[in-house]
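Reviewing the structure listed below.
Numbering of ligands and ligand atoms starts at 1, following listing order.
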Amino acid sequence: MSFPVEFARNQWYVAAYGSEITRDLFPRTILGEALVFYRTRAGQVIALSDRCVHRRFPLSESNLDGDNIVCGYHGFTYDPTGTCVAVPGQKRIPRTARVPAYQVVEQDSFVWVWIGEPEKADPALIPRAPWLSDPGYTTVYGMEPLRAPYGLLVDNLLDLSHETYLHGGYIGTPEVAATPIRTTVDEERQIVYVSRHMDDAACPPFYSESTGITGRIVRWQDIEFHPPCLYLLHSRVAPVGVLPREDGTDPDGFHVEVVYAITPETENSTHDFWAVARDFALDDTRVSDFLRESNRTVVLQDVVALNKLAEVLATERDRYQELSINIDTGGLAARRLIEAQIAQAGGAQAGGAQGGGVRAGQGRAPVGGRS
Ligand code: FES
Ligand SMILES: [Fe+2]
């Protein structure tokens with residue numbers, strides 16, 4: 001099964017960091033829809049279609065008047081619900097003069113948006129990344145544009161064995177690719193888990209520089225992917241011999257929560273949101289600067305590789321036959337769940353299907369066993 005080429009529309013997607021949305025009009029395309037974002041004077045985030053209903057001028061190139069947008073071309077004026085409340089030269093406002101408004105939820109430093117059928121939007125289904133706004137963690141973050149379909153980034157993040165080859169000298173060491181993974185799927189909650197526990201590994205610069213550990217480490221990578229958008233990597237490092245306690249608590253390890261939000265911009269481009277939250281050296285700006293720079297470098301290594309991959313895949317004349325191995329079990333499970341989300345919504349563009357909710361299943365089942 002190759003990666004779905006359609007979008008799961010009846011899902012929540014990260015559109016922006018909350019810090020990106022201000023009293024300035026902010027354009028961003030999500031799932032092929034051009035949107036404009038802004039904050040009302042009360043601080044609420046608004047998302048409207050970025051095309052004026054009159055002659056399609058981008059509203060993001062227009063002006064705010066209080067909480068309304070005044071089109072920068074001929075002055076059609078829209079309130080935060082997208083309803084046109086004034087047109088030039090006449091009192092009567094055409095009944096159809098409105099632009100679509102999209103539901104947004106601001107949570108865990110992200111602005112989530114719902115592009116699909118409005119009545120299916122349930123904010124309770126938005127997966128959480130609580131570390132990003134937890135005072136017990138310090139977070140660095142960014143977003144890099146990717147000129148590749150979002151499926152390539154899902155594949156990339158679900159299989160971290162590539163760290164050894166693509167990110168050597170930053171986060172990759174030989175033990176990552178050499179250590180088997182365990183993949184499980186929670187069918188009911190629609191979550192893919194991929195775990196790789198290294199009990200005696202070299203410490204890559206990303207962790208030695210930030211934690212001060214000089215010798216070999218216990219390094220655990222526990223991925224939790226909530227398709228289609230939110231990817232969490234629970235990372236634990238500690239000097240060899242420092243193990244979590246019997247009761248499961250782990251006060252002596254260093255914990256890094258690596259969060260990605262994978263949001264399709266168009267069929268062939270993706271917003272690659274990344275954040276790194278840590279529970280140590282909370283006030284150390286040198287560590288923050290280092291982790292920001294390192295992670296951005298790592299993300300850009302992926303961006304260069306995936307842009308190249310997208311370029312060569314576009315030259316394939318026929319649908320190619322992939323060859324998958326054990327390291328791919330997480331990515332394949334993710335594809336299957338995203339396919340199901342697309343099917344539930346009745347396909348990429350269709351409305352009116354059953355969509356939305358989670359599927360019943362048999363709980364958390366192993367996929368492909370230990371590789
Ligand atoms: S295009 Fe917006 S008012 Fe004419
Ligand atoms: Fe990577």
Among Trp274, Phe225, Tyr231, the one residue meeting ring-ring contact (aromatic ring centres under 6.0 Å, His included) with Tyr260:
Tyr231
Identified side-chain hydrogen bond (donor to acceptor under 3.5 Å, both in side chains) counterpart of Ser195 within the set Asp222, Thr183, Thr184:
Asp222
With the side chain counted from C-beta on, respond yes when Leu160 and Ile223 share a heavy-atom pair under 4.5 Å apart, and no when they do not.
yes
What is the number of protein N/O/S atoms located under 2.8 Å from the Fe ion (ligand 2)?
4
Mind listing the protein N/O/S atoms less than 2.8 Å away from atom 2 (Fe) of ligand 1? Waters don't count.
Cys52 SG, Cys71 SG
Would you call the rings of Phe57 and Tyr73 parallel, tilted or perpendicular, taking 30° and 60° as the class edges?
tilted
About how many Å separate CG of Asp159 and CG of Asn326, when rounded to the nearest 0.5 Å?
11.0 Å
Should Asp289 and Arg292 count as an ion pair when the cut-off is N to O under 4.0 Å?
yes
Please tell me if the side chains of Tyr141 and Phe273 come closer than 4.5 Å, counting only heavy atoms from C-beta onward.
no
Closest approach of Val105 and Ile126, non-hydrogen atoms and distance?
CB-CD1, 3.6 Å
Under a 4.0 Å N-O cut-off, is there an ion pair linking Asp67 with Arg39?
no
